[in-house]
Every structure is written in C-alpha cells, then in structure tokens.
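First comes the structure, then the notes that go with it.
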Amino acid sequence: MPKTSSDAAATAPRRLGRAELPRDTRALARYLLGKTLVHETAQGRTSGRIVETEAYVVGDAAGHAFVGETPRNRSLFLERGHAYVYFSYGVHWCFNISAETECVGAGVLVRALEPLDGVELMRVRRGTDRLIDLARGPGRLAAALAIDRRLDGVDLCGKGPLWLGTALRPVGRIGRSVRIGITKETQRLLRFYERGNPFVSGSRAMRQ
DNA sequence: AGTGCGATTGACT
DNA sequence: GTCAATCGCACTA
C-alpha cells in the first residue's frame, strides 16, 4: 500500500509564531494553505493540512464583523492568530483565524483539511469511514477536530492545545474563486484552495 | 418579547 | 437537483 499524507504521525510540525503570520487578511488566507492545524485533546491528537480558506476582509459586508463588534463576533477583533468559532445554521461549528490587528474585525474561515494525524479518532467523531469526507467543509472540519465554542477566542500562537504548525509538504498551485454560501459581496475572489486537491470542498470544478 | 435568517450538511426525489 | 434540521444572534418594537 502506498504511503500517503494521511498516514498517522508523518512528521512533527513546528508551532508557528504570531510574527510568522501575515497581518493582511487576504495574505493570511493564502499563507495558511499547506500549513498544519493541530488539536490535542484527552482523546488524542488530530491534525490536518489546510487546503482551503476564505478571507473576510475589513469592510466586507459578507463578514460577521461588518455590523461592528458584538458578543458573538468579538474574537474577530483580536490580534491575528486567535480562534473565532461560531455556530452555523443551528447545527455546525465553523473555525476561523482572526486577522489584522487588535480592534480590527477580520478573519479567515478554514474550509477544509487533508487529514494527517488521528484519522481513526476523526472517523469516530464524524461517524463516517470515508477519508475524503472527514474534514471537507467547515462544519465537518470542526467536528473532526472537536472544535466548538470552548475554543472561541483562544490564542493559536501560544502553548495551547489548538495551534498552527509549519507545512509538512509545500502547497501546490493555488486556485482562487468566489466564496461559498454567502449572499453578499458574491463577486469577490476571496476563496483560496490548493488546485486539484480532492480534500477541497465543493464540486469537482471548484477543486480545479 | 417576537421575528428572520444564516460563512452548512446530509438525506432524499 | 431540492430541502429540512435547529439554534443563537441581531434587530425591531
């Protein structure tokens, strides 16, 4: 059987520091492609390679921060590198990374991961055996890594259980498209993904 | 206090 | 392809 990036415990990524993250929201969305997202819990470690992101920039009517700071979106106003986790459609959690500086509301939605460590644990959490579906889409990704409201606002650049790591493998060609599922600012090309990667969400055309 | 709706997913025709 | 599930939040009054 050929070795794939989904084999457990491939190589250990190094934690990324805040200084390594671009301030600019769009730049951060691109930078994150190929990087590793890790969550360590009592159940074990799950991690994945980020293959799809969306930028929600300053002054963006589609962004949750557009209405100004509220109890729900306050994490978007933290310094870059903090988690913004929100509850979507009364069913799913979605994971974002705050961007820009403190008091500026912007962030990057992480939409899909290529599973790395803890694939079996992800299968249990997700209730499916299909590797391709474990973390393909923001709601699935959060479920696979057990990300929920408890992680809203945590620093991803500290020593906590949820953190960003270096890329274990360089990112390939980056594709760009409109963002998925929004009703405002629908023409802006703020979705970024690794071209041809089967773990990217959406239709086949959206992965090319 | 009531209303409308959403950065989604999975089941079903 | 269509559509219900299911909740918290922002907004109106």
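Just so we're on the same page: letters track the sequence lines, and every chain starts at 1.
A:Arg125 and A:Thr46 share a side-chain donor-acceptor pair at under 3.5 Å. For A:Thr101 and A:Glu79, the side-chain atoms include no donor-acceptor pair closer than 3.5 Å.
Within the 4.0 angstrom heavy-atom criterion, only backbone atoms of the sugar-phosphate kind lie near A:Ile182; the bases stay farther away. Nucleic acid contact class of A:Arg179 (heavy atoms, under 4.0 Å, all strands): none.
Between A:Glu194 and A:Arg49 a salt bridge is recorded (basic side-chain N to carboxylate O distance below 4.0 Å). A:Glu114 has a carboxylate O that lies under 4.0 Å from a charged side-chain N of A:Arg169, or vice versa, which qualifies the two as a salt bridge. Under the 4.0 Å criterion applied to side-chain N and carboxylate O atoms, A:Asp60 and A:Arg179 are assigned as salt-bridge partners.
Nucleotide C:dA10 holds its P atom 15 Å from the CZ atom of A:Phe66, rounded to whole Å. The CG-P distance, from A:Asn73 to B:dG6, rounds to 17 Å in whole Å. Between A:Tyr56 atom OH and B:dA7 atom P the separation is 7 Å, expressed in whole Å. If you take CD of A:Glu69 and P of C:dC9, they are 14 Å apart, rounded to a whole angstrom. Distance, A:Trp93 CH2 to B:dA7 P: 15 Å, rounded to whole Å. Atoms CG (A:Asp60) and P (B:dA7) sit 11 Å apart, rounded to a whole Å. In this structure, A:Ile180 atom CD1 and B:dG6 atom C1' are separated by 16 Å, rounded to whole Å. A:Lys184 has its NZ atom 11 Å from the P atom of B:dC5, to the nearest Å.
Note that A:Arg26 lies outside the cation-pi zone of A:Phe192, set by a 6.0 Å cut-off to the ring centre and a 45° limit from the axis.
Across A:Glu40 and A:Trp163, no two heavy atoms sit closer than the pair OE2-NE1, 3.3 Å. The minimum heavy-atom distance between A:Met122 and A:Leu116, with the atom names listed, is CE-N, 4.4 Å.
Distances were taken from every side-chain heavy atom of A:Tyr89 (C-beta onward) to each of C:dC11, B:dT8, C:dG8; the shortest belongs to B:dT8. With distances taken from any side-chain atom of A:Asn96 to the nucleotides B:dT8, C:dA10, B:dA7, the minimum falls on B:dA7. Of the candidates B:dA7, C:dA10, B:dT9, C:dA10 carries the atom nearest the A:Arg72 side chain, counting heavy atoms from C-beta on. Closest to the side chain of A:Val91, out of C:dT6, C:dA10, B:dA7, is C:dT6.
The stretch residues 144-155 of chain A participates, sequence neighbours left out, in these side chain to side chain donor-acceptor pair (under 3.5 Å) pairs: A:Arg18-A:Asp155, A:Ser75-A:Asp152, A:Asp148-A:Arg150.
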Review item, nucleotides 2-4 of chain B N/O atoms under 3.5 Å of protein N/O:
none

Restricting both atoms to N or O, compile the protein contacts to nucleotides 10-13 of chain B shorter than 3.5 Å, with distance only.
| from | atom 1 | to | atom 2 | distance (Å) |
| --- | --- | --- | --- | --- |
| B:dG10 | OP1 | A:Arg126 | NH1 | 3.0 |
| B:dG10 | OP1 | A:Arg126 | NH2 | 3.3 |
| B:dG10 | OP2 | A:Arg140 | NE | 2.6 |
| B:dG10 | OP2 | A:Arg140 | NH2 | 2.5 |

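For the pairing with A:Arg191, the side-chain contact (heavy atoms from CB on, under 4.5 Å) check across A:Leu109, A:Thr53, A:Ile180 returns one residue only, A:Ile180. Partner of A:Leu113 under the side-chain contact (heavy atoms from CB on, under 4.5 Å) criterion, chosen from A:Ile50, A:Leu134, A:Val51: A:Ile50.
Using a 4.0 Å cutoff on non-hydrogen atoms, no part of residues 200-208 of chain A comes near DNA chain B. Scanning residues 29-39 of chain A for heavy-atom distances under 4.0 Å to DNA chain B yields an empty list.
For the C1' atoms, the distance linking C:dC3 with B:dC5 amounts to 16 Å, nearest Å.
The backbone N or O of A:Ala106 lies less than 3.5 Å from no partner atom in the side chain of A:Thr25, so there is not a single donor-acceptor pair.
Here A:Phe87 does not pack flat against the base of C:dG8, since the 5.5 angstrom centre distance and 30 degree tilt limits are not both met.
Inter-residue side-chain proximity for A:Glu20 and A:Arg15 is flagged as unmet; no heavy-atom pair is nearer than 4.5 Å. Side-chain contact between A:Tyr56 and A:Leu76: absent, with no pair of heavy atoms (C-beta onward) separated by less than 4.5 Å.
Other residues, nucleotides and ligands contribute more than 12 heavy atoms inside 6.0 Å of the CZ atom of A:Arg195.
Linking ILVMFWY residues whenever their side-chain heavy atoms come closer than 4.5 Å, directly or via other members, leaves A:Tyr86 and A:Val57 in distinct clusters. Cluster membership for A:Val171 and A:Val110, using ILVMFWY side-chain heavy atoms within less than 4.5 angstrom, is shared.
Contact between the side-chain N/O atoms of A:Arg191 and the OP1/OP2 oxygens of B:dA7 is not found at any separation under 4.0 Å.
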Checklist entry - How would DNA chain C look in dot-bracket form, 5' to 3', counting Watson-Crick and G-U wobble pairs with both distances under 3.5 Å and writing | for bases paired to another strand? => result |||||.||||||.

